[in-house]
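Note sheet for the following structure.
None of the values given here were measured: they were computed from a predicted structure.
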Amino acid sequence: MNHVHVKTGDTVKILSGNDKGKQGKVMAVSPKEGKVIVEKLNMVTKHVKPRRMGETGGIVKAEGAMYACKVQIVCPHCGKATRVAHKILEDGSKERICKKCGESL
């Protein structure tokens with residue numbers, strides 16, 4: 001399954017986990033793994049070694065990847081977390097639609 005319902009730049013709401021209910025912007029999507037990275041959410045601590053001379057190592061906080069099934073897109077028009085529908089336009093292209101209000105995402 002290499003299809004993810006969110007794209008980079010989408011605003012999403014987290015459905016489960018420590019950050020449940022919070023909203024954030026998608027920074028990166030990994031369709032192969034089915035994971036997304038959300039800005040300032042799902043923070044993890046990494047132990048980083050200094051790579052070059054003069055560079056400092058230590059414990060760094062960074063965003064961790066989470067499964068895309070644990071996030072839901074927030075519609076910019078109605079402001080609700082919603083599923084994504086697809087509508088095929090006259091010219092044959094696809095458009096993402098909000099299931100709640102029917103506006104394009």
Side-chain angles (χ1 to χ4, degrees):
M1 179 208 143
N2 291 343
H3 180 264
V4 181
H5 67 284
V6 290
K7 290 183 178 179
T8 305
D10 284 343
T11 304
V12 294
K13 184 177 184 180
I14 297 183
L15 302 176
S16 64
N18 293 339
D19 293 321
K20 181 178 177 175
K22 293 180 183 175
Q23 289 186 9
K25 195 172 153 195
V26 176
M27 290 174 21
V29 179
S30 176
K32 195 171 182 183
E33 295 174 313
K35 292 186 175 186
V36 294
I37 295 175
V38 184
E39 197 174 19
K40 295 184 183 126
L41 295 175
N42 194 31
M43 298 301 280
V44 294
T45 52
K46 283 185 175 179
H47 295 261
V48 179
K49 264 184 143 177
R51 293 285 164 212
R52 290 185 211 95
M53 282 292 289
E55 192 176 295
T56 57
I59 301 168
V60 178
K61 283 198 168 271
E63 290 96 349
M66 63 187 338
Y67 283 107
C69 63
K70 297 192 180 291
V71 299
Q72 204 169 31
I73 290 182
V74 175
C75 176
H77 303 286
C78 62
K80 295 176 185 170
T82 180
R83 298 193 314 279
V84 178
H86 292 280
K87 183 180 180 184
I88 297 162
L89 304 171
E90 297 90 45
D91 61 348
S93 61
K94 268 190 192 177
E95 188 179 37
R96 298 191 308 161
I97 303 287
C98 170
K99 276 271 194 184
K100 297 214 171 154
C101 68
E103 292 284 334
S104 66
L105 294 171

Is a side-chain N or O of E63 found less than 3.5 angstrom from the main chain of K40, in a donor-acceptor match?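 Side chain of E63 to backbone of K40: a pair is present.
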Step through the shown structure and confirm whether more than 12 heavy atoms of other residues, nucleotides or ligands are within 6.0 Å of CG on L89.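 Enclosed.
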Tell me, yes or no, whether the heavy-atom count around K13 atom NZ, taken from other residues, nucleotides or ligands under 6.0 Å, exceeds 12.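 Open: at most 12 neighbouring heavy atoms sit under 6.0 Å from NZ of K13.
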With a 3.5 Å cut-off and sequence neighbours excluded, list the donor-acceptor pairs that the side chains of residues 95-105 form with protein atoms.
| from | atom 1 | to | atom 2 | distance (Å) |
| --- | --- | --- | --- | --- |
| R96 | NH1 | H5 | O | 3.4 |
| R96 | NH1 | D10 | OD2 | 3.1 |
| R96 | NH2 | D10 | OD1 | 3.0 |
| R96 | NH2 | D10 | OD2 | 3.2 |
| K100 | NZ | A81 | O | 3.2 |

Heavy-atom distance under 4.5 Å between the side chains of V12 and V36, does that happen here?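 No; the side chains remain at least 4.5 Å from each other.
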Quick one: pull up [atom1] in [X] and [atom2] in [Y] and give me the separation to the nearest 0.5 Å.
X   : Y   : atom1 : atom2 : value
I14 : Q23 : CD1   : CD    : 9.5 Å
K49 : E55 : NZ    : CD    : 12.5 Å
S30 : K35 : OG    : NZ    : 8.5 Å

Shared hydrophobic cluster, V84 / V74 (ILVMFWY, side-chain heavy atoms < 4.5 Å):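 No, it is not one cluster - the side chains of V84 and V74 are not joined through contacts under 4.5 Å.
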If two hydrophobic side chains count as joined below 4.5 Å and joins carry through other members, does I37 share a cluster with V29?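 In one cluster: no.
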Test K80 against C75 for side-chain contact (heavy atoms from CB on, under 4.5 Å), laying out the working first. CA-CA 6 Å; K80 295 176 185 170; C75 176; 5.6 Å; no
Show your working on side-chain contact (heavy atoms from CB on, under 4.5 Å) between L41 and M66 and close with a plain yes or no. CA-CA 10 Å; L41 295 175; M66 63 187 338; 6.0 Å; no
Closest approach of K94 and I88, non-hydrogen atoms and distance?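 Closest approach of K94 to I88, heavy atoms only: CG-CG1, 4.2 Å.
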Smallest separation among heavy atoms of E33 and Y67, with atom names: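 Heavy-atom minimum between the residues: O-CE2, 4.0 Å.
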